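Naming: A, B, ... by sequence-line order, numbering from 1 per chain. For clarity, every value in this text was computed on a predicted model and none was experimentally measured.
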There are 2 protein chains.
Amino acid sequence: MSDDQAKRTESDEATLGRIETEVALLMRLGEATRRATGSAEHRVLDRAAYVILRHLDATGPQNVSALAARLNLDGSTVTRQVSALQRDGLIARAPDPVDGRGTVISPTPAGLHRMAAVRAARTRLYGDILADWTPTDRDTLATLLTRLNQALDTRTRRP
Amino acid sequence: MSDDQAKRTESDEATLGRIETEVALLMRLGEATRRATGSAEHRVLDRAAYVILRHLDATGPQNVSALAARLNLDGSTVTRQVSALQRDGLIARAPDPVDGRGTVISPTPAGLHRMAAVRAARTRLYGDILADWTPTDRDTLATLLTRLNQALDTRTRRP
DNA sequence: ACAGATAGCTGTATCATACAGTTAATTCTG
DNA sequence: CAGAATTAACTGTATGATACAGCTATCTGT
């Protein structure tokens, strides 16, 4: 290995270390932020619940297994989340017409509304936080995060 | 407002929405990844424990309150994390010489070693996940994540 | 048609976290 | 300087998200 290659490798290691650090930190901060903004209106959309509604909105009604697989969650967890969401009138359960075992979960109008409100609040928050960023930097961040997630998702799901 | 401005604003909203989406997704994937890689060796470094050791390593021994404030965690949570870490021999408690109420937490050699091992494993994972990224893109991601975290941290701590 | 797989649910356990209350030590104030 | 207010750490208790194991009903392939 040439000196040049060694140096490049070393700096790349450092970059990976930074990424690792920042992702870990982001998760802590994200938790804290979620908790901080988790007033009464949001509390029912803790964690996965929000993502469930997002997912139902984005990809249409689907059954519990599909949701669980997509969100990397155990089926029992999704079942309970869905029960809570149903109790609060944010989703509806219906028997799957093509599979007697299945239950199709759909968002209710109230659920979509609540989801949109939380999403808007968060988007506003990011607009606030990133107020002094250039549009280019914001766009780059969004793009790289998307690519990171795709890579992570592939990695998580494949091996 | 000109059409041009309206369009720019709209696209910027969309960018913020993407960022919001991707951060939420990253947190879910990060959770899943942490759980998946959480074999015996890692299990004791769940969540905040790892960050505590990182922090002690980066900024030196300090008391529980300082840690809690820095990590946006309740003091009681840190107390319990610290107790678990002490039970496992990864940190040491010592009375604060300048404040009889305080307890100074220091990482033990074993703790630093464990932390480094987890960190190396994660860094390796990211190297794997981002194998086909250009060094420039990795560097940009690291930089933007750092800036995002700084912005988030300031926002969380200020108002 | 039956054996094995699958969908969803329930019971149970764990873990991270917060909030409230307790005790001891420090700092402030009159 | 003595009592009051504050702070550090800890403990009790509650909640919430999650996983795993076991259960029942249904489906699918041979």
Point to revise | Point-to-point distance, once rounded to the nearest 0.5 Å, from OG1 of B:Thr15 to CH2 of A:Trp133 | key: 12.0 Å
Check your understanding: So does B:Arg28 get a side-chain nitrogen or oxygen closer than 4.0 Å to the phosphate oxygens (OP1/OP2) of D:dA17?
Key -> no
Study note, to complete from the structure: To the nearest angstrom, the CG-C1' distance between B:Leu29 and D:dT18 comes to 16 Å
Review point. Rounded to the Å, how far apart are A:Leu73 CG and D:dG16 P?
Key: 17 Å
Exercise for review: Check for a donor-acceptor pair, side chain of A:Asp88 on one end and backbone N or O of A:Leu90 on the other, with a separation under 3.5 Å.
Suggested key: no
Study note, to complete from the structure: Readout for nucleotides 5-11 of chain D: B = base within 4.0 Å of protein heavy atom, S = sugar-phosphate only, - = neither; 5' to 3' it is --BSSSB
Check your understanding: Under 3.5 Å, is there a donor-acceptor pair between the side chain of A:Thr103 and the main chain of A:Arg93?
Key -> no
Check your understanding: Between CG of A:Asp137 and CZ of B:Arg147, what distance do you get to the nearest 0.5 Å?
Key -> 4.5 Å
Practice item. Could you state the atom-to-atom distance from CD1 of A:Ile52 to P of C:dG8 in whole Å? Key: 13 Å
Exercise for review: Tell me, please, which residues at least two apart from B:Arg138 pass side chain to side chain donor-acceptor pair (under 3.5 Å).
Suggested key: A:Asp12
Exercise for review: State whether A:Gln81 places a side-chain N or O below 4.0 Å from either non-bridging phosphate oxygen (OP1 or OP2) of D:dG16.
Suggested key: no
Identify every side-chain donor-acceptor pair in residues 58-66 of chain A under 3.5 Å, counting partners at least two apart or on other chains, and give the distances.
from    : atom 1 : to      : atom 2 : distance (Å)
A:Thr59 : OG1    : A:His55 : O      : 2.9
A:Thr59 : OG1    : A:Gln62 : NE2    : 2.8
A:Gln62 : NE2    : A:Gly60 : O      : 2.7
A:Asn63 : OD1    : A:Ala66 : N      : 3.1

Review point. Quick one: A:Leu67 CG to C:dC9 P, roughly how many Å, whole number?
Key: 11 Å
